[in-house]
Protein chains: 2
Amino acid sequence: MENLKDCFQKLKDSGLKVTPQRLAIVKILEGNTCHPSADKIYNEVKKKYPMISFATVYKTLKVLAEIGEIQQLKIVEKKVNFDPNTDPHNHFFCKKCREIRDVFPGKKINLKEIDGHLIEKYQVYFYGICSKCRKQN
Amino acid sequence: MENLKDCFQKLKDSGLKVTPQRLAIVKILEGNTCHPSADKIYNEVKKKYPMISFATVYKTLKVLAEIGEIQQLKIVEKKVNFDPNTDPHNHFFCKKCREIRDVFPGKKINLKEIDGHLIEKYQVYFYGICSKCRKQN
DNA sequence: GTACTTGCAAACAGTTTGCATAGGC
DNA sequence: GCCTATGCAAACTGTTTGCAAGTAC
């Protein structure tokens, strides 16, 4: 997500509307490096829109992901966390404080430590179309 | 997971029992490169033990993960998939066939393609203890 | 005015839990 | 015989859906 204007333009370009609820959610996400869950976003936006429902939050987050303004992280069990930074970068999940921290590429990784974080394990997930399915098409 | 014997030894060493159900589940997982979900494992083991319950499957998988015989993959939305190969390697999820394929390190990755699989996006997740929490201890 | 969006409630999927019974060692 | 494991059902978490009413453009 670049900025509010860009985000709203993309929404409009996709035939979607800029509602007060969406504005509030986008404002919470813009520049946010905390990787909030839907739950966190719901509680935050509730302060300004006490009537907002979980459904609206989820639907908005789905829409924002679809137009490429945010990305979903499946780093914590069961939950999805959201990141407005869609540039390539990695994530560190601390089992103690349970926070997700950004880890930017170009750093030395010795598979034991990165940015001072102690690495116990790591996972690399690729998403796309496998060689078999590419051939079938 | 090395082999059945090793696995059972580890169970016993942890004060856990080798039951027919656990034997059946471990047999399904041994050498399995399909990354089955709990659901798949349940249906497979049901063929031999029609009375087995989901609870038993989940409890067994939890136990096996705890003693380090299998690892959990959070690559697909909502579900957890299980991998008896705990050596460092990566995973590719195909959005067409929805299968998870192993990708072994040491390969050239140009971030567009690996093993003939078309990469649309990728995620790197590190797990451990962050620098902040390390200092506090 | 016409889609699209909202908020509610209910449904849903995957997983976990409590508990009485069964069974491994 | 003790303690762990099983199977059932019910609970739980995070997320999604259908729908009537509301609203952006």
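Because only heavy atoms are used, hydrogens play no part in the values below, and waters and symmetry mates are left out as well, while side chains stay in. Chain identifiers are assigned alphabetically (A, B, ...) following the order of the sequence lines, protein sequences preceding nucleic acid strands; residue numbering begins at 1 within each chain.
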Worksheet item: Should A:Lys46 and A:Glu44 count as an ion pair when the cut-off is N to O under 4.0 Å?
Response: no

Worksheet item: How far does the helix from C:dG1-D:dC25 to C:dC25-D:dG1 bend, going by the axes of its first and last five pairs, to the nearest 10°?
Response: 40°

Worksheet item: Is the distance from OP1 or OP2 of C:dT16 to the nearest side-chain N or O of B:Tyr58 less than 4.0 Å?
Response: no

Worksheet item: Between atom NZ in B:Lys17 and atom C1' in D:dT6, what is the gap in whole Å?
Response: 12 Å

Worksheet item: Separation of A:Glu66 atom CD from C:dT5 atom C1', in whole Å?
Response: 15 Å

Practice prompt. Would you mind reading off the distance between B:Lys12 atom NZ and D:dC3 atom C1', rounded to a whole angstrom?
Written response: 17 Å

Worksheet item: Salt bridge check: are A:Glu120 and A:Lys95 linked by an N-O gap of less than 4.0 Å?
Response: yes

Practice prompt. Could you label the plane-to-plane angle of the B:Tyr125 and A:Tyr125 rings as parallel, tilted or perpendicular, counting under 30° as parallel and over 60° as perpendicular?
Written response: perpendicular

Discussion item. Nearest heavy atom decides the nucleotide; on that basis, is A:Val18 or A:Phe82 closer to the 5' end of DNA chain D?
Written reply: A:Phe82

Worksheet item: OP1 or OP2 of D:dT6 sitting under 4.0 Å from any side-chain N/O of B:Thr19?
Response: yes

Practice prompt. Tell me yes or no: between the side chains of A:His35 and A:Asp102, is some donor less than 3.5 Å from an acceptor?
Written response: yes

Worksheet item: Roughly, in whole Å, what's the span from CZ in A:Phe54 to P in C:dT5?
Response: 21 Å

Discussion item. Which label fits B:Tyr42 and B:Phe54: parallel for a plane angle under 30°, tilted from 30 to 60°, or perpendicular past 60°?
Written reply: parallel

Discussion item. Tell me the interatomic distance from B:Asp39, atom CG, to C:dT15, atom P, rounded to whole angstroms.
Written reply: 8 Å

Discussion item. I'd like to know if A:Glu113 pairs up with B:Arg134 as an ion pair, taking the criterion as any Lys NZ or Arg NE/NH1/NH2 lying under 4.0 Å from an Asp or Glu carboxylate oxygen.
Written reply: yes

Worksheet item: When you measure from the side chain of A:Thr56, which nucleotide among C:dT6, D:dC25, D:dT15 comes out closest?
Response: C:dT6

Worksheet item: How long is the line joining CG of B:Leu64 and C1' of D:dA5, in whole Å?
Response: 13 Å

Worksheet item: DNA chain C: B:Leu16 or B:Lys78, which has the more 5' nearest nucleotide?
Response: B:Lys78

Worksheet item: Does the B:Thr60 side chain pair with the main chain of B:Thr56, one donor and one acceptor, at a distance under 3.5 Å?
Response: yes

Practice prompt. Classify the angle between the aromatic ring planes of A:Phe93 and B:Tyr127 as parallel (below 30°), tilted (30 to 60°) or perpendicular (above 60°).
Written response: perpendicular

Discussion item. Without decimals, in angstroms, what is the distance between B:Phe8 CZ and C:dC25 P?
Written reply: 10 Å

Practice prompt. Choose from D:dA5, C:dT5, D:dG7 the nucleotide whose nearest atom is closest to any side-chain atom of B:Arg22.
Written response: D:dA5

Worksheet item: Looking at D:dC8, C:dC4, C:dT16, which one has an atom nearest to any side-chain atom of B:Ser53?
Response: D:dC8

Worksheet item: Counting side-chain heavy atoms from C-beta on, which of C:dT17, C:dA3, C:dG24 comes nearest to B:Pro20?
Response: C:dG24

Worksheet entry | Atom-to-atom span, NZ of A:Lys59 to P of C:dA3 - whole angstrom | 19 Å

Worksheet entry | Minimum-distance nucleotide to B:Val80 side chain [options: D:dG7, C:dA9, C:dT15] | C:dT15

Practice prompt. State whether B:Gln21 places a side-chain N or O below 4.0 Å from either non-bridging phosphate oxygen (OP1 or OP2) of D:dG7.
Written response: yes

